Amino acid sequence: MDDQKHSTLDDIISQRKEKIENIRQLGINPYPYAYNISHYSKSIIQQFDSLENETVQIAGRLMAIRLMGKAAFANILDSQGKIQIYLNKTAIGEKNYELFRLLDIGDFIGISGKVIKTRTGEITIQAESLTLLSKNIRPLPIVKEKDGVAHDAFTDKEQRYRKRYLDLIVNPQVRDVFINRSKILQAIRRFFDMRDFLEVETPVLQPLYGGANARPFTTYHNTLDRTLYLRIADELYLKRLIIGGFDKVYEIAKNFRNEGMDRNHNPEFTAIEFYQAYVDYNYMMDLVEKLFQSVAQALEVETAEFSGHTIKLMEPFARKPMFTLFEEYLGENISDYDIDKLRLLAKEKGLEIGAKANYGQILDELFGEFIEPKLIQPTFVTDYPKAISPLAKTHRSGNPQIVERFELFIGGSEFANAFSELNDPVDQRERLEAQAKLRDLGDEEAQVLDEDFLQAVEIGMPPTGGVGVGIDRLVMLFTGQASIKDVLLFPAMRPESAHNPEQQ
RNA sequence: GGGUGCGUAGCUCAGCUGGUAGAGCAGUGCCCUUUUAAGGCAUUGGUCGAAGGUUCGAUUCCUUCCGCACUCACCA
């Protein structure tokens, strides 16, 4: 017998193409146009008592075949989960059984049949008819499972990220993460819509970029014959809308930053920014706290497991001025330190500080090193140095070095950044001019002076509170994922160029 | 960017101090009409990430490069 067939990947693919021809010769279209579904796997299992012996029609992907001569069990995966089907030659007929023998794991099929329980008690659909819905020609990773333990699971992270469709087919817990991501986005939109915020869209392609300290992506518009930048933040456009008279606006959008990639950073990431007229950062703190809690409610959780800690989400978030935290964690009241004393303190604590660092930057370094990692439970840190906050209003206390700004920290990382927005046009111009000087001195992340934005502020901006929240990180918190790649369907990956040198 | 580790069949993994590779699953053929990591018998399948080097001989040792993970630094 020369029926043995090789099984390299190419062999398997050509075998499956032959099967497609065989199926066509049976008079069956391997790629039909539609199929009527009456139920999904999960609803059949949940409603078994009322569905027993009823006829249902389901469709999904064949994930396992246990063939026994003239009968077979198989598992079907649909959008809700898996269910077992049972077929035998007598019930489905000669021709359909012949078709079944030409099927492979990975094919889509439709099954019409009775809901039964097998001898071992598994809810099963006893097929009365079988319809091929789409033939697979490239083999899937095979994952087997017993007692909830997956065997030979598809675990290679690189392959999972590069071929997310396989990851989603084969790893059900991955599907859940992205379902939860969608629920989180829905909850956020509902939260702002209920409070009469207007959802807006502002440019991704910008002649100038601003609103954050970051390096941009650069692109080029042929008709305009000029360089454009991909947005690094929504801030300056959303403020123009507050100036334009919308009192409450929000935007959920991709930002692009031409910086490093690691488990907390992807070159494109999603953020929400929201602005409200006539309120200050205290009001916004309340709003952020309510936002997090309403997301928790939408997911029906009160805590989150994140970076090895149980985060309590439903209790009031701590609120502490930066200087108070310094006193708590470093045992020193540094509120009236000048730059030299700060520099000395940093040195004593063994922290390397660049020679050009200003007062605010040294303070920020100290904070990032000694305090930030210790802020595990949700904590609003308030009142930041002015030098690192060019868009925030000077503190009402009168200390000219401090602005009204807060950041929310959870599990040692930043989740939100907010200001009482600077609306004094003269002050704002001076601050952006100071940033421009930093740029001239070589700080690539310093902000660009946006003349149109300054003119807008000169037209008059009401007192305004503004907040930015990183959505990917929020999803990491609520889904317990340690890497941003696990909450992005298609995370940025370096090209696999080794096998395709032409693509370079 | 630095450090550590990894890259072997479609998938999951072995491969000891160098002698051109093995298993399970998937595939193929046969048996099997309530199985469930179904089972039984047989069987195919690999430029061992890429390129150089050492060697009579490299999956194994060395160098460089590519990719991924972890980690430190930086950033949201």
Side-chain angles (χ1 to χ4, degrees), chain A residues 1-16 18-19 63-75 82 84-92 97 104-106 116-122 124 126 138-163 166 170 212-215 232-233 255-271 352 365 368-369 407 413-417 444-445 468-474 476 482-485 491 493-501 504:
Chain A
M1 289 268 272
D2 197 30
D3 277 346
Q4 293 295 336
K5 290 185 179 168
H6 295 185
S7 48
T8 65
L9 182 56
D10 287 344
D11 293 330
I12 291 171
I13 288 171
S14 54
Q15 282 162 23
R16 292 192 182 179
E18 278 173 39
K19 286 180 178 177
M63 294 301 286
I65 300 171
R66 294 180 289 281
L67 185 69
M68 289 165 301
K70 298 183 180 62
F73 288 90
N75 294 337
K82 278 186 190 170
Q84 178 171 266
I85 61 168
Y86 173 73
L87 306 94
N88 73 55
K89 198 173 178 178
T90 320
I92 65 171
Y97 202 74
D104 289 289
I105 289 168
I116 59 157
K117 245 183 202 171
T118 61
R119 188 187 284 168
T120 53
E122 179 156 350
T124 299
Q126 186 162 24
R138 185 177 291 271
L140 251 41
I142 303 292
V143 180
K144 303 222 170 186
E145 195 189 307
K146 188 184 189 183
D147 303 329
V149 180
H151 299 263
D152 299 338
F154 180 59
T155 51
D156 184 298
K157 286 196 178 188
E158 181 172 357
Q159 289 306 310
R160 290 182 42 223
Y161 298 144
R162 289 189 196 279
K163 301 200 178 298
L166 293 179
V170 146
N213 296 59
R215 290 162 63 194
I232 58 169
N255 289 338
F256 305 85
R257 297 190 184 175
N258 209 339
E259 293 172 349
M261 293 162 61
D262 60 33
R263 73 172 191 287
N264 285 309
H265 301 272
N266 197 65
E268 55 180 294
F269 64 99
T270 304
E352 298 263 343
E365 287 278 334
E369 181 68 22
E407 293 192 311
S413 47
E414 184 193 332
F415 277 77
N417 182 23
E444 279 188 87
E445 294 192 347
V469 179
I471 295 292
D472 307 299
R473 204 163 273 181
L474 188 76
M476 287 165 67
S483 168
I484 195 170
K485 287 188 166 74
M493 300 289 278
R494 290 186 172 79
E496 286 178 296
S497 53
H499 300 287
N500 294 307
Q504 286 184 331

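Protein chains get the first letters and strands the later ones, always in sequence-line order, with residue 1 at the start of each. Not measured: the values here are computed from a predicted model.
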(request) Establish whether the base of B:rU34 is bridged to the side chain of A:Arg119 by a donor-acceptor pair shorter than 3.5 Å. (result) no
(message) Taking the C1' atom in each of B:rA38 and B:rG24, what is the distance between them to the nearest angstrom?
(response) 15 Å
Pairwise N/O distances under 3.5 Å, protein to nucleotides 23-27 of chain B:
from, atom 1, to, atom 2, distance (Å)
B:rG24, N2, A:Asp152, OD2, 3.3
B:rC25, O3', A:Lys144, NZ, 3.2
B:rA26, OP1, A:Lys144, NZ, 3.2
B:rG27, O2', A:Gln15, OE1, 2.7
B:rG27, N2, A:Lys5, O, 3.3

(request) Using a 4.0 Å heavy-atom cut-off across all strands, classify A:Ala212 as base, sugar-phosphate, or nothing. (result) nothing
(request) Would you confirm whether A:Gln126, through its side chain, and A:Asn88, through its main-chain N or O, come within 3.5 Å as a donor-acceptor pair? (result) no
(request) Take A:Asn75 and A:Arg66 through the test side-chain contact (heavy atoms from CB on, under 4.5 Å) and record every step on the way to the result. (result) CA-CA 9 Å; A:Asn75 294 337; A:Arg66 294 180 289 281; 3.3 Å; yes
(request) Please give the nucleotide sitting opposite B:rG67 as a Watson-Crick or G-U wobble pair, both distances under 3.5 Å, or none. (result) B:rC6
(message) Using a heavy-atom cut-off of 4.0 Å across all strands, would you classify A:Ile13 as base, sugar-phosphate, or nothing?
(response) nothing
(request) Find the partner of B:rA14: check Watson-Crick (N1-N3 plus N6-O4 or O6-N4) and G-U wobble (N1-O2, O6-N3) distances, both under 3.5 Å, and reply none if neither fits. (result) none
(request) Please state the P separation for the pair B:rG5 and B:rG19 - nearest whole angstrom. (result) 23 Å
(message) Nearest whole Å is fine: how far is B:rG29 P from A:Glu18 CD?
(response) 10 Å
(request) Could you grab the distance from atom NZ of A:Lys144 to atom NE2 of A:His151, nearest 0.5 Å is fine? (result) 10.5 Å
(request) Identify the heavy atoms of A:Ala233 and A:Arg257 that sit nearest to each other, and give their distance. (result) CB-NH2, 4.2 Å
(message) Please name the nucleotide paired to B:rC61 by Watson-Crick or G-U wobble geometry with both distances under 3.5 Å, or report none.
(response) B:rG53
(request) Quote, to the nearest angstrom, the C1' distance that separates B:rU47 from B:rU59. (result) 12 Å
(request) List the atom of A:Pro139, the atom of A:Arg16, and the distance in Å for their closest heavy-atom pair. (result) CA-NH1, 3.6 Å
(request) For A:Leu140 and A:Ile105, work out which heavy atoms get closest and say how close. (result) CD2-CG2, 4.3 Å
(message) Rounded to whole Å, how long is the line connecting atom CG of A:Asn266 with atom C1' of B:rC74?
(response) 16 Å
(message) Less than 4.5 Å apart, side chain to side chain, heavy atoms only: is that true for A:Leu166 and A:Pro141?
(response) yes
(message) Are B:rA76 and A:Phe269 stacked, with the base six-membered ring and the side-chain ring centres under 5.5 Å apart and planes under 30°?
(response) yes
(request) Hunt down the Watson-Crick or G-U wobble partner of B:rU34, both distances under 3.5 Å, from any strand shown, or write none. (result) none
(message) Using heavy-atom distances to pick each residue's nearest nucleotide on RNA chain B, tell me which of A:Lys89 and A:Phe154 is more 5'.
(response) A:Phe154
(request) Whole angstrom is fine here: how far is it from CD in A:Glu145 over to C1' in B:rC11? (result) 16 Å
(message) Say we look at B:rU60 and B:rU44: how far apart would their P atoms be, to the nearest angstrom?
(response) 27 Å
(request) Could you check how far CG of A:Leu87 sits from P of B:rU35, rounded to whole Å? (result) 16 Å
(request) Look only at the side chain of A:Asn417 and the backbone of A:Glu407, and say whether a donor-acceptor pair between them is shorter than 3.5 Å. (result) no
(message) Under 4.0 Å from OP1 or OP2 of B:rA38: is there any side-chain N or O of A:Arg66 that close?
(response) yes
(message) Looking at A:Glu122, is its backbone amide N or carbonyl O close enough to the side chain of A:Thr124 to form a donor-acceptor pair, meaning the two atoms are under 3.5 Å apart?
(response) yes
(request) Could you let me know what B:rC48 is paired to, Watson-Crick or G-U wobble, both distances under 3.5 Å, or none if it's on its own? (result) none
(message) If you only use heavy atoms from C-beta on, which nucleotide in B:rA76, B:rG45, B:rA38 is closest to the side chain of A:Arg257?
(response) B:rA76
(request) Could you check how far CG of A:Asp10 sits from P of B:rA9, rounded to whole Å? (result) 14 Å
(request) For B:rA69 and B:rU64, measure between their P atoms and round to the nearest Å. (result) 22 Å
(request) Tell me which nucleotide among B:rA76, B:rU12, B:rU35 gets nearest to the side chain of A:Glu259. (result) B:rA76
(request) Quick one: label A:Thr8 by what it contacts on the DNA or RNA (base, sugar-phosphate, nothing), any heavy atom closer than 4.0 Å. (result) sugar-phosphate
(request) Whole angstrom is fine here: how far is it from NZ in A:Lys70 over to P in B:rU35? (result) 17 Å
(message) Looking at B:rA42, which nucleotide sits across from it as a Watson-Crick or G-U wobble partner, both distances under 3.5 angstrom, or is there none?
(response) B:rU28
(message) My understanding is that a pair needs two contacts under 3.5 Å, Watson-Crick or G-U wobble. By that rule, which nucleotide pairs with B:rG1?
(response) B:rC72
(message) What is the distance, to the nearest angstrom, from the CG atom on A:Asn213 to the C1' atom on B:rC74?
(response) 14 Å
(message) Partner lookup for B:rA21, please. Criteria are Watson-Crick or G-U wobble with both distances under 3.5 angstrom; report none if nothing qualifies.
(response) none
(message) For A:Lys19 versus A:Asp104, what's the shortest heavy-atom pair and its separation?
(response) NZ-OD1, 2.7 Å
(request) Could you pull out the closest heavy-atom pair between A:Ser413 and A:Arg473, with the gap in Å? (result) CB-NH1, 4.0 Å
(message) When the C1' atoms of B:rA21 and B:rG45 are compared, how many Å lie between them, rounded to an integer?
(response) 13 Å
(message) Rounding to an integer number of angstrom, what distance separates B:rC31 and B:rU12 when you compare their P atoms?
(response) 33 Å
(message) Between B:rC56 and B:rA50, how many Å separate the two C1' atoms, rounded to a whole number?
(response) 25 Å
(request) State whether the side chain of A:Asn266 and the backbone N or O of A:Phe269 hold a donor-acceptor pair below 3.5 Å, judged by distance alone. (result) no
Tabulate protein N/O versus nucleotide N/O from nucleotides 68-72 of chain B, keeping only pairs under 3.5 Å, one per line.
from, atom 1, to, atom 2, distance (Å)
B:rC68, OP1, A:Arg494, N, 2.9
B:rC68, OP2, A:Arg494, NH1, 3.2
B:rC68, O4', A:Glu158, OE1, 2.9
B:rU71, OP2, A:Arg263, NH1, 2.8

(request) Would you kindly give the CD1-to-P distance between A:Ile471 and B:rA76, to the nearest whole Å? (result) 17 Å
